[in-house]
Amino acid sequence: FSVRRYRGSKVKLLYIAIFALAPLAQAGSLAYVEKVDLEPMALAYASAAKLPALNSKPGFALRVWSRDYMLGNVHGTVVASGQLRTFDTTSKYAHGNVIIKPAALSASRSAPNQRKLEALVIALAPHNGTSISCGVMDGSSVLIQATFNGRTVTVKADNPSLCPDKASKIVVQLLQELRAVPPRKVSSNYSFKADGYAAA
């Protein structure tokens, strides 16, 4: 065969590969925003960690819950009164519900820059009550619930590190601010169930 013919074949294969991969690239290029009742999910996470529901009140409080869709691992970070505690457990999907295994929160330690955390939550406030994704399958979901100035904000983001929208970027910044704190695994017996989500 000739070199020209070989080069032509390579170009055709390259075009085929580009068009085949285009849908995968587009999957992460758009944000899909949906109004959702996130309270049952937030309550299930809180109950698994033996926390009361987060009600709007003066002061700042933040709860961030991450769940791996494939492995079911759950990590939580709770910030209140300038202190931070973490939560690590597992979950499973059964009978249409996500079952979260209860666990104890870690010991308290000083929270990172609370002013920066609060500024990020305020920036996320316009997206309150929404679930955001960009079409990327599997990966993980992040649920953020916070109170500030008597207002509650709850937002869910799927695979925020892979999504280009503003809200996902804010979620990633929040995670980065909290990332320096090492997790701790401790389990206990406790039960709770809420529409679609439950503590075992």
Side-chain angles (χ1 to χ4, degrees), residues 17-49 53-54 61-79 86-101 116-148 151-179 183 193-199:
I18 288 171
F19 284 119
L21 292 174
L24 293 176
Q26 290 173 357
S29 64
L30 298 172
Y32 303 97
V33 181
E34 181 182 8
K35 279 284 185 181
V36 180
D37 180 9
L38 298 170
E39 192 60 29
M41 189 185 304
L43 187 57
Y45 280 124
S47 297
L54 189 60
L62 170 67
R63 296 175 183 179
V64 179
W65 311 101
S66 301
R67 178 176 180 270
D68 185 293
Y69 282 122
M70 295 296 288
L71 301 177
N73 295 332
V74 172
H75 176 71
T77 304
V78 177
V79 176
T86 57
F87 173 80
D88 286 275
T89 189
T90 58
S91 65
K92 63 181 180 179
Y93 190 78
H95 309 296
N97 292 329
V98 175
I99 310 298
I100 304 168
K101 185 178 180 181
K116 189 166 185 180
L117 292 176
E118 187 170 356
L120 289 168
V121 167
I122 291 171
L124 202 58
H127 307 278
N128 180 42
T130 61
S131 177
I132 304 157
S133 70
C134 56
V136 179
M137 302 300 289
D138 298 325
S140 63
S141 69
V142 180
L143 181 72
I144 291 177
Q145 188 175 44
T147 60
F148 68 96
R151 180 179 178 184
T152 301
V153 174
T154 310
V155 176
K156 177 177 176 285
D158 289 331
N159 300 299
S161 62
L162 300 176
C163 298
D165 63 283
K166 184 177 180 180
S168 293
K169 289 179 179 179
I170 296 170
V171 171
V172 170
Q173 285 182 277
L174 269 169
L175 293 173
Q176 288 173 343
E177 286 297 311
L178 300 171
R179 186 173 291 166
K193 182 175 173 58
D195 304 335
Y197 269 73

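The aromatic rings of Trp65 and Phe87 lie perpendicular to each other, with more than 60° between the two planes, well past the 30° mark.
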With side chain to side chain contact (heavy atoms under 4.5 Å, CB included) as the criterion, how do Leu175 and Ser66 come out once you've worked through the C-alpha distance, each side chain's angles and the decisive distance to 0.1 Å? CA-CA 10 Å; Leu175 293 173; Ser66 301; 4.2 Å; yes
Working note: Asp158 + Tyr69, criterion side chain to side chain donor-acceptor pair (under 3.5 Å); need CA distance, chi angles, decisive distance, verdict. CA-CA 10 Å; Asp158 289 331; Tyr69 282 122; 2.6 Å; yes
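Here the side chains of Ile144 and Ile170 are not in contact, with every heavy-atom distance at 4.5 Å or above. At least one side-chain heavy atom of Leu124 sits under 4.5 Å from a side-chain heavy atom of Leu174. Between Lys156 and Val36, every side-chain heavy-atom pair lies at or beyond the 4.5 Å cut-off.
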Output side-chain donor-acceptor pairs under 3.5 Å for residues 125-137, partner residues at least two apart or in another chain, one line each.
residue	atom	partner	partner atom	Å
Asn128	OD1	Thr154	N	2.8
Thr130	OG1	His127	O	2.5

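For the side chain to side chain contact (heavy atoms under 4.5 Å, CB included) test with Lys92, the passing option among Ile99, Ile100, Asn97 is Ile99; the others fail. No option in Ile122, Leu117, Leu62 other than Ile122 meets the side chain to side chain contact (heavy atoms under 4.5 Å, CB included) test with Phe148.
Between Gln145 and Ala42 the shortest heavy-atom distance is OE1-CB, 3.5 Å. Of all non-hydrogen atoms in Ala48 and Lys101, the two that sit nearest each other are CB-O, 4.4 Å.
Here Asp165 contributes atom CG and Tyr32 contributes atom OH; the two are 11.5 Å apart, rounded to the nearest 0.5 Å. Rounding to the nearest 0.5 Å places CG of Leu120 at 5.0 Å from CD of Gln173. For the atom pair CG of Asp68 and CG of Asn73, the computed distance is 6.0 Å after rounding to the nearest 0.5 Å. Between Leu38 atom CG and Leu43 atom CG the span is 12.5 Å, to the nearest 0.5 Å. Taking OG of Ser141 as the reference point, atom CE of Met41 lies at 6.5 Å (rounded to 0.5 Å).
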